[in-house]
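Encoded as structure tokens, the structure appears first; notes follow it.
Just so it is clear, the model here is predicted, and its values are computed rather than measured.
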Amino acid sequence: MDDSILVERFRHGDEGAFNQLVERHKREAYFIALRLCRSQEDARDLAQDAFVRCYQSMENFRGDCSFRTWLYRIVINLSLNYLKSPRVSRRVELPEGAMEAVPNGTAVNGPAEALLRRQRLALLKEAITRLPAKQKQTLLLKVYGELKYEEISEIMGCPVGTAKANFYHAVKRLRELIGDSEG
């Protein structure tokens, strides 16, 4: 069932429709928050807060974009506001294995290769933290969220061309940063 149908059903009093939306999107909402705040506990809280906001604001959802896009924008905004808050005084690292989905085109065949892969992932994680905010957001939405540029532009409130440019510059900067680290 399409999200827009579930939204309408919820607006007409079907609480189960909202539960279906949560089940459908909770994993992606969590992973977007995790990529930005890098804490599993905080990511769970932020994703949950995003769904609470959606629930409370569903009357105001105009449908100019998809529910998914609206939800992701809320998750990103909550995550960015959280990171700016004075409460966030410690740097929390991504848990081991959280970025294993990063393709590198090679199979791990032994301990030496596994160590090399972990080192490359550590370099990549560090390089991603050094990207400007908009480039980082675009990269995370494109690579980890597997979103199309049109969806990214809706979430970030920018033209499609800007989303493409942000991604291009993010990848270029990552190559520079990782190249500097390996050389």
Side-chain angles (χ1 to χ4, degrees), residues 1-4 6-7 9-11 13-102 118 121-122 124-148 151-158 163 166-167 170 174:
M1 186 177 302
D2 188 60
D3 284 353
S4 60
L6 291 171
V7 167
R9 284 181 46 197
F10 173 71
R11 285 181 169 167
D14 182 358
E15 294 284 328
F18 189 78
N19 292 338
Q20 288 179 353
L21 289 167
V22 171
E23 285 302 313
R24 184 175 289 174
H25 298 289
K26 69 181 178 182
R27 185 173 186 269
E28 290 81 11
Y30 165 77
F31 279 115
I32 288 172
L34 179 64
R35 299 288 185 224
L36 293 171
C37 73
R38 301 184 314 200
S39 162
Q40 291 179 347
E41 183 179 326
D42 294 337
R44 278 190 294 274
D45 291 345
L46 289 165
Q48 182 177 4
D49 288 350
F51 282 111
V52 169
R53 291 207 182 182
C54 287
Y55 184 90
Q56 294 171 337
S57 303
M58 194 64 81
E59 296 287 325
N60 300 325
F61 177 57
R62 296 185 312 261
D64 296 340
C65 60
S66 70
F67 175 81
R68 175 182 170 194
T69 301
W70 184 55
L71 170 66
Y72 289 2
R73 180 75 256 166
I74 292 170
V75 171
I76 289 170
N77 287 341
L78 287 172
S79 298
L80 293 176
N81 288 339
Y82 167 79
L83 290 172
K84 290 178 189 173
S85 94
R87 298 177 293 157
V88 183
S89 60
R90 58 183 165 73
R91 183 174 175 173
V92 181
E93 292 300 322
L94 282 171
E96 189 65 34
M99 292 184 64
E100 289 300 318
V102 177
R118 282 196 300 276
L121 286 173
L124 180 59
K125 285 193 285 189
E126 175 57 30
I128 289 172
T129 65
R130 295 172 58 188
L131 290 174
K134 295 216 182 264
Q135 290 178 14
K136 180 179 176 181
Q137 290 172 29
T138 303
L139 179 83
L140 296 174
L141 291 170
K142 182 72 176 155
V143 175
Y144 299 106
E146 299 179 359
L147 299 179
K148 297 176 183 170
E151 295 171 303
I152 295 169
S153 72
E154 284 182 48
I155 289 169
M156 296 184 64
C158 66
N166 283 336
F167 182 74
L174 286 175

| said: Using every non-hydrogen atom in the two residues, find where Glu151 and Thr69 come nearest and quote the distance to one decimal. | reply: O-CG2, 4.1 Å
| query | Quick one: CD on Gln48 to CZ on Arg44, what's the gap to the nearest 0.5 Å? | reply | 10.5 Å
| Should Arg73 and Met156 be marked as a side-chain contact (heavy atoms from CB on, under 4.5 Å) after you check the CA-CA gap, both sets of side-chain angles, and the distance that decides it? | CA-CA 7 Å; Arg73 180 75 256 166; Met156 296 184 64; 4.0 Å; yes
| query | How long is the gap from CD1 on Ile152 to OG1 on Thr138, to the nearest 0.5 Å? | reply | 6.0 Å
| remark: Scanning both residues in full, the closest heavy-atom pair of Glu154 with Ser66 reads OE1-N, 4.0 Å
| message | With side-chain contact (heavy atoms from CB on, under 4.5 Å) as the criterion, how do Trp70 and Met58 come out once you've worked through the C-alpha distance, each side chain's angles and the decisive distance to 0.1 Å? | response | CA-CA 10 Å; Trp70 184 55; Met58 194 64 81; 4.1 Å; yes
| message | Would the distance check show the side chain of Asp14 and the main-chain N or O of Phe10 forming a donor-acceptor pair, the cut-off being under 3.5 Å? | response | no
| field | Taking every non-hydrogen atom, the tightest pair across Cys37 and Ala43 | value | SG-N, 3.7 Å
| The single option from Lys136, Gln137, Lys142 passing side chain to side chain contact (heavy atoms under 4.5 Å, CB included) against Leu140 | Lys136
| task | Could you tell me whether the side chain of Ser39 and the main chain of Asp42 form a donor-acceptor pair under 3.5 Å? | result | yes
| query | Can you list the steps and then say if Phe61 with Arg11 is a side-chain contact (heavy atoms from CB on, under 4.5 Å)? | reply | CA-CA 10 Å; Phe61 177 57; Arg11 285 181 169 167; 3.4 Å; yes
| field | Nearest-0.5 Å distance that lies between atom CD1 in Ile155 and atom CG in Asn77 | value | 10.5 Å
| Residue pair Lys125 / Thr129, side-chain heavy-atom distance below 4.5 Å | no
| Distance, nearest 0.5 Å, that separates CG of Leu141 from CD of Glu28 | 12.0 Å
| task | Would you indicate whether the side-chain heavy atoms of Glu126 and Arg130 approach each other to under 4.5 Å? | result | yes
| message | Taking the basic N atoms (NZ, or NE/NH1/NH2) and the acidic carboxylate oxygens, is any pair closer than 4.0 Å for Asp3 and Arg68? | response | no
| query | Using 30° and 60° as the class limits, which term best fits the ring planes of Phe18 and Phe67: parallel, tilted or perpendicular? | reply | perpendicular
| With side chains defined as the heavy atoms from C-beta onward, is the minimum distance between Ile32 and Ser79 less than 4.5 Å? | no
| query | Given side chains that start at C-beta, do those of Tyr30 and Leu46 come closer than 4.5 Å, heavy atoms only? | reply | no
| query | Got a second to check how far Ile128's CD1 is from Leu124's CG, nearest 0.5 Å? | reply | 4.0 Å
| query | Is there side-chain contact between Phe51 and Gln56, with heavy atoms separated by less than 4.5 Å? | reply | no
| field | Considering all heavy atoms, the nearest Ala170-Leu139 contact | value | CB-CB, 4.2 Å
| query | Quick one: CG on Leu71 to SG on Cys65, what's the gap to the nearest 0.5 Å? | reply | 10.0 Å
| task | For Ser57 and Arg53, indicate whether the former's side chain and the latter's backbone hold a donor-acceptor pair under 3.5 Å. | result | yes
| Listed partners of Lys148 passing salt bridge (Lys or Arg N to Asp or Glu O under 4.0 Å), at least two apart | none
